[in-house]
Amino acid sequence: MRMSRLFGRTLREPPSEAQTPGHQLMLRAAIARPLAAGLYTWLPLGFRVAKKVEQIIREEMDRIGCQEMEMPVLTPAEVWKTTGRWDLLEPITFRTKDHNGREFMVSYTHEEVVHLHAINEILSYRQLPAMVYHFQSKGRDETRPRAGLLRTREFVMKDAYSFDMDQAGLERSYAAQHGAYVRIFRRMSLDAISVESDTGAMGGDVAHEFQVLTEAGEDRLAICSRGDYSANLEKAARKIDDASEPFPKAARSEIATPGTTTIEALQASLKLPASAFLKTLLVKDRDGKPVAVVLPGDRNLNEAKLRKRLGMSDVQFAGDADFARAGGVAGFVGPVGLGAPVLVDTAVVAGRGYVAGANKKDTHLKDVALGRDFTAERADRRVDLHDVIEGDACPTCGAPLAVKRGVEVGNIFAYGTYYSEKMNATYLAEDGTRKLFVGGSYGIGVGRSVQTIIETSHDDKGIIWPFAVAPYEVHVVGLPMNDETVHAAADALVATLEEKGVQVLYDDRDESAGVKFADADLIGIPFRVTVSRRSLQSKSVELKPRASSEAELVPHDIAADRLVDIVRRAREAAAR
RNA sequence: CGGGGUGUAGCGCAGCUUGGUAGCGCGCAGCGUUCGGGACGCUGAGGUCCCGGGUUCAAGUCCCGGCACCCCGACCA
């Protein structure tokens with residue numbers, strides 16, 4: 001490809017909208033362009049990367065016997081109604097109607113559709129297990145797209161689906177996908193770690209996310225410093241000593257705290273650490289009734305954990321009416337004498353005397369102890385509802401946990417019979433009965449992976465593409481192009497390389513050396529070859545890997561062979 | 001969906017406080033000089049100042065309403 005013909009130009013300065021390094025470089029290097037919020041066009045350079053990423057995924061899916069197919073982007077409403085997701089997904093999906101008024105959804109994912117096909121194609125246990133996948137655009141009307149390709153409203157996902165006879169089969173399929181994911185991300189040079197993730201409102205048993213640690217990421221992860229544990233903060237736990245303390249000597253007593261409604265204000269006026277207080281939040285349960293959540297003052301509520309506990313899709317905080325109903329006073333709510341069920345966080349130490357709201361204006365209680373002044377009433381109301389923070393103890397080994405940011409490039413999810421039950425998706429078992437498919441789904445975001453590679457593989461000059469996904473393999477720079485000898489030599493080298501199947505980006509522009517080298521560094525092709533007046537005087541060309549600061553001179557007459565050889569080796573290494 | 005911010009040439013920005021008919025750098029086009037790390041000179045093209053309404057002799061600038069985009073939070077590959 002001649003750069004003078006390339007559709008897409010590099011930008012000297014990053015557009016102001018771009019904040020993360022990957023987003024800036026993606027735009028500057030002409031990988032993709034925004035069309036509207038969360039909608040991106042791949043430019044030719046970026047499209048080549050996306051196709052290479054897809055090909056790696058394809059090869060690894062095929063390797064584990066997962067079969068490629070393709071399901072439509074537009075999906076009829078009826079399918080979604082069978083599982084209740086037509087209504088559930090309403091706020092975050094794009095919908096349309098055909099001319100007859102039939103409703104459609106731009107596919108958000110394909111569990112329903114693939115089950116529909118499985119019902120038709122898989123009649124007998126003899127056809128199981130089965131695994132299929134496709135690359136398809138997904139539409140999600142995210143309320144907040146961000147960071148370029150990291151979260152868009154339309155994106156191509158590789159989504160795979162497994163169908164098994166039973167739980168043991170599902171576990172085998174799941175393990176196969178997990179193994180494929182490890183290979184896939186390694187091949188694209190993404191250092192993805194698999195972390196336990198929240199299974200969300202769908203229930204299900206097991207789910208892992210493949211996360212790449214980078215500051216640009218939007219997920220927060222707890223990671224054991226000894227490597228024994230890693231989990232999304234949505235579900236991350238920590239080791240807590242459940243040893244209780246002796247009750248305080250004093251009985252609980254009122255203290256006047258006029259106008260002091262926040263933990264911060266209480267800390268200041270009572271000169272006590274945040275951990276000396278109880279924070280009591282009033283939320284609504286599924287029936288709209290008030291429920292109190294009690295946490296130590298130095299711990300934050302983890303909404304994902306609470307949602308899961310309440311079985312709700314979002315946390316609804318109490319309004320004035322609920323406060324009245326529960327007998328609480330906003331700013332002075334406490335667990336003692338409250339007319340609502342109380343969920344007590346596991347970080348609240350039994351027996352310890354805390355300062356808590358008195359459910360009375362301008363008043364708190366001191367020496368309030370769990371087990372004496374209030375209780376969780378039932379074992380299932382003593383629950384982990386707080387955020388893990390940096391330095392907490394690992395739940396497996398007790399070593400300190402670190403909290404880091406990550407990008408979720410893929411996830412795998414064993415949902416079991418969640419969909420097959422609702423869709424009555426069954427097969428005929430060996431014993432002659434009809435049994436439900438036991439399934440899992442496995443996604444990888446292609447565009448997100450591409451930008452994540454940039455986020456984690458660049459320097460201050462530009463992208464450093466891993467060979468396996470680079471848009472081109474060799475970048476030939478002619479310098480200067482108005483020198484006939486140089487022009488002819490560069491043309492000839494490019495022609496030879498292309499003839500031998502090397503993917504070449506050829507900077508044939510009449511630009512200064514500075515511009516061409518700066519662009520080469522920005523675009524980040526793995527091998528740069530400079531054919532210049534100077535190099536030709538010593539009958540050589542200059543070879544410089546993008547990732548290295550060292551350049552070497554290669555004799556002109558063997559340059560093509562040498563490059564073909566280098567590329568061949570690099571391809572072999574990248575395929576492993 | 002809550003909070004914050006920004007919309008002026010392809011990109012980065014100034015001008016707005018104090019209203020007077022739009023500017024800088026880069027990029028782009030032509031010519032010439034240059035040619036190994038974002039060269040130089042000359043000439044030139046390019047603007048519904050986000051949109052709509054209002055105030056005014058006069059609005060990029062002031063007022064009202066909308067829209068778009070970005071950032072932080074809640075949700076996802």
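B:U17 is unpaired under the criterion used here, namely a Watson-Crick or G-U wobble arrangement in which both key atom distances are under 3.5 Å. Across all strands shown, B:U6 forms a Watson-Crick or G-U wobble pair with B:A68, both key distances being under 3.5 Å. In this structure, B:A59 forms no base pair with any nucleotide, since neither Watson-Crick nor G-U wobble geometry is met with both distances under 3.5 Å. Taking a pair to require two hydrogen-bonding distances under 3.5 Å in either a Watson-Crick or a G-U wobble arrangement, B:A74 remains unpaired. With a 3.5 Å ceiling on both atom-pair distances, the Watson-Crick or G-U wobble partner of B:C28 is B:G44.
Residue side chain A:R144 does not reach the base of B:C76 through any donor-acceptor N/O pair under 3.5 Å, judged by distance alone. You'll find a donor-acceptor pair under 3.5 Å spanning the side chain of A:R28 and the base of B:G38, going by distance alone.
Taking only side-chain atoms of A:R528, from C-beta outward, the nucleotide of B:C69, B:G73, B:G37 with the closest atom is B:G37. Comparing atom distances between the A:M157 side chain and each of B:A77, B:G36, B:C70 picks out B:A77 as nearest.
In summary, of the residues considered (A:K158, A:M69, A:E70), a side chain to side chain contact (heavy atoms under 4.5 Å, CB included) with A:Q136 occurs for A:E70 alone.
Within 4.0 Å (heavy atoms only), A:A513 reaches sugar-phosphate atoms of the nucleic acid but no base atom. Residue A:T152 is in base contact, counting any heavy-atom pair closer than 4.0 Å across all strands shown. Residue contacts shown for A:E209 are absent, as no nucleic acid heavy atom lies under 4.0 Å away. Nucleic acid contact class of A:L479 (heavy atoms, under 4.0 Å, all strands): base. Nucleic acid contact class of A:R151 (heavy atoms, under 4.0 Å, all strands): base. If you check every strand for non-hydrogen atoms under 4.0 Å, A:G514 touches sugar and phosphate atoms only. Across all strands shown, A:V409 has heavy atoms under 4.0 Å from sugar-phosphate atoms exclusively, and none from any base. Among the atoms of the strands shown, base atoms are found under 4.0 Å from some heavy atom of A:D519.
One finds a side-chain N or O of A:R12 lying less than 4.0 angstrom from the OP1 or OP2 phosphate oxygen of B:G27. Contact annotation: A:S532 side-chain N/O to B:G36 OP1/OP2 distance is not under 4.0 Å. For the OP1/OP2 pair of B:C13 and a distance below 4.0 Å, the side-chain nitrogens and oxygens of A:S16 include at least one atom meeting the criterion. For B:C76, the OP1/OP2 oxygens have no side-chain nitrogen or oxygen of A:R153 closer than 4.0 Å.
The same atom, P, is picked in B:U8 and in B:C13; the two are 10 Å apart, to the nearest Å. For the P atoms, the distance linking B:G44 with B:G12 amounts to 27 Å, nearest Å. For B:A39 and B:C26, the P atoms lie 11 Å apart once the distance is rounded to whole Å. Between B:G37 and B:C72, the two P atoms lie 39 Å apart (nearest whole Å). A gap of 16 Å separates the P atoms of B:G19 and B:U56, to the nearest Å.
In terms of modelled atom types and a separation under 3.5 Å, the side chain of A:T10 and the main chain of A:D519 share no donor-acceptor contact. Remark: the backbone N or O of A:G478 is paired with a side-chain donor or acceptor of A:K516 at under 3.5 angstrom.
Between A:R33 atom CZ and B:C69 atom C1' there is a gap of 17 Å when expressed in whole angstrom units.
Between the CH2 atom in A:W86 and the CD atom in A:E112 there is a gap of 11.5 Å [rounded to 0.5 Å].
Ring geometry for A:Y174 versus A:H208: interplanar angle of 30 to 60°, hence tilted.
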* Between A:T530 and A:S532, is a side chain to side chain donor-acceptor pair (under 3.5 Å) present by the stated rule, with each step listed? -> CA-CA 6 Å; A:T530 307; A:S532 70; over 6 Å; no
